[in-house]
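Taking it in order: structure first as C-alpha cells, then the write-up.
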Amino acid sequence: TSRRRVIYEGAAKIIYEGPEPGTVIQYFKDDASAFNNSKKAVIAGKGVLNNRISAHLMTRLETIGIPTHFLKSVNMREQLVRQLDMIPLSVVVRNIAAGPVCQRLGVKEGTILPRPVVEFYYKKAESGDALVNEDHIIAFNWLDPYELDELLAMAWRINDYLNGLFTGVGLRLVDFKLEFGRMHGEFGELYLFLADEISPDNCRLWDAQTGEKLDKDRFRHDLGGVIEAYQDVAKRLGLVPQTG
Ligand code: C5P
C-alpha cells in the first residue's frame with residue numbers, strides 16, 4: 001500500500017523509513033499472533049485502537065519524565081517515532097500472576113504478587129523468547145550495568161504510573177511487556193528510550209469489578225469479543241466517543 005521503504009515488518013507492526021533522519025513511521029496492522037506465531041488472525045480495527053491507546057499512554061509517560069520514542073500521531077494507523085537501536089530484550093513486569101508463569105511458579109491465576117516482578121526475555125533465542133537474568137544481560141553486553149539500572153528504574157516507574165492510571169478507570173494492570181532502544185547523542189552519549197507499543201496486545205488488563213479479561217488473552221484463548229474489549233479499554237481511557 002505504500003512506496004515507502006520498509007525497515008522492519010513484525011507480526012503486528014511495520015516500521016517505515018521516516019520523513020527526517022532519526023525518525024521512523026510505526027504502522028499498526030490488524031494482524032494478531034500468539035504462541036510464538038503459531039496462532040494467527042486478522043482482527044479488523046485492532047491496529048487503529050492500539051495506535052490510539054499506545055500514543056496516549058506514551059504521551060502520559062512523557063509527562064512524568066519517561067523518555068519514549070513517541071513523537072506524534074500521523075493518522076489512524078501511524079505514528080512518527082524516534083529511530084532507535086533496539087535492545088534485544090522483552091521486559092515483562094508482573095503485578096498479578098497470569099498466563100504461563102502460574103505453572104512455572106506454582107501459583108493460581110489472579111494471585112497478587114508480594115511485590116512486582118520484572119523478567120527479561122532474550123528475543124533472538126533460537127526457539128521463541130528465552131527467560132534470561134541480569135548476569136546474561138551484562139555478560140552478553142545487551143546493556144551495560146549503568147543502562148540496566150536505568151532500565152529497571154524506568155520499568156518500576158512505568159509500572160507505578162500505569163497501575164494508578166488503569167486503577168482510575170476500573171482496570172487492573174496484571175502484567176505488561178516493554179521494549180527499549182538506544183539513541184546515540186551528539187557526543188557519543190547513549191540514551192535509553194521506551195519503544196514499541198503499550199496496548200492490550202502487550203498488557204493484561206482485567207475489569208476491577210468482574211475480572212473480565214480485556215486484552216489479548218481473549219484472542220489467545222478464543223474467548224471472543226476481542227475488538228470489543230480493546231474498544232472498552234480505549235473508551236475508559238477517554239479515547240473514543242461513547243456511542244449509545
Ligand atoms: O506470556 P506471558 O504471560 O509471559 O506474558 C506476560 C505479558 O507480556 C503479557 O501481558 C503479554 O501480553 C506480554 N508479552 C508480549 N510479547 C511477548 C511476550 C509477552 O507482549 N512476546
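Counting convention: from 1, in listed order, for ligands and their atoms alike.
Remark: distances from the non-hydrogen atoms of Lys216 to ligand 1 are all 4.0 Å or more. In this structure, Val101 does not count as a contact residue of ligand 1, since none of its heavy atoms falls inside 4.0 Å of the ligand. Contact between Asp215 and ligand 1 is absent, with no heavy atom of the residue lying under 4.0 Å from the ligand. Judged by the shortest distance from any of its heavy atoms, Pro100 lies inside the 4.0 Å radius around the atoms of ligand 1. Using a non-hydrogen distance threshold of 4.0 Å, Lys123 does not register as a contact of ligand 1.
Atoms of ligand 1 lying under 4.0 Å from any heavy atom of Val92, numbered from 1 in the order shown and given with element: 6 (C), 8 (O). Close contacts between ligand 1 and Asp201 involve ligand atoms 12 (O), 20 (O) [criterion: under 4.0 Å to a heavy atom]. Within ligand 1, counting atoms from 1 as listed, the ones closer than 4.0 Å to a heavy atom of Arg204 are 2 (P), 3 (O), 5 (O), 6 (C), 9 (C), 10 (O). Listed by number with element, the atoms of ligand 1 under 4.0 angstrom from any heavy atom of Asn202 are 10 (O), 12 (O), 13 (C), 20 (O).
Here Asp207 pairs with Arg236 under the salt bridge (charged side-chain N to carboxylate O under 4.0 Å, His left out) rule; sequence neighbours left out. In this structure, the salt bridge (charged side-chain N to carboxylate O under 4.0 Å, His left out) partners of Lys13, at least two apart in sequence or on a different chain, are Asp196, Glu197.
Under the 4.5 Å side-chain criterion, counting only non-hydrogen atoms from C-beta, Tyr8 is not in contact with Val24. At a threshold of 4.5 Å between non-hydrogen side-chain atoms, the residues Phe176 and Asp215 do not count as touching.
At a heavy-atom cutoff of 4.0 Å, ligand 1 is contacted by the backbone of Cys203 but not by its side chain.
Asn50 and Ser54 share no side-chain donor-acceptor pair at under 3.5 Å.
Geometrically, Lys39 engages Phe219 in a cation-pi contact, judged by NZ or CZ lying under 6.0 Å from the ring centre and within 45° of the ring axis.
Using a 4.0 Å cut-off between charged side-chain N and carboxylate O, Arg182 and Asp85 make no salt bridge. Look at Asp232 and Lys235 and you find no salt bridge, because none of the NZ, NE, NH1 or NH2 atoms lies under 4.0 Å from a carboxylate O. Ion pairing of Arg104 with Glu119 is present here, as a side-chain N (NZ or NE/NH1/NH2) and a carboxylate O approach within less than 4.0 Å.
Among protein heavy atoms, the minimum distance from atom 21 (N) of ligand 1 is reached at Asp129 OD2, 3.4 Å. Nearest protein heavy-atom contact of atom 14 (N) of ligand 1 is Lys177 CB, 3.7 Å. Closest protein heavy atom to atom 7 (C) of ligand 1: Asp175 OD1, 3.4 Å.
There is no protein heavy atom closer than 4.0 angstrom to atom 18 (C) of ligand 1. When distances from atom 11 (C) of ligand 1 to the protein are checked, a heavy atom turns up under 4.0 Å.
For ligand 1, one of its N or O atoms has an N or O atom of Arg94 under 3.5 Å away. Between Arg220 and ligand 1, at least one N/O pair is under 3.5 Å apart.
Checked options Arg52, Arg4, Lys29; the residue passing with Glu78 is Arg4 (criterion: salt bridge (charged side-chain N to carboxylate O under 4.0 Å, His left out)).
We find the CZ-NZ distance between Arg218 and Lys213 to be 9.0 Å, quoted to the nearest 0.5 Å.
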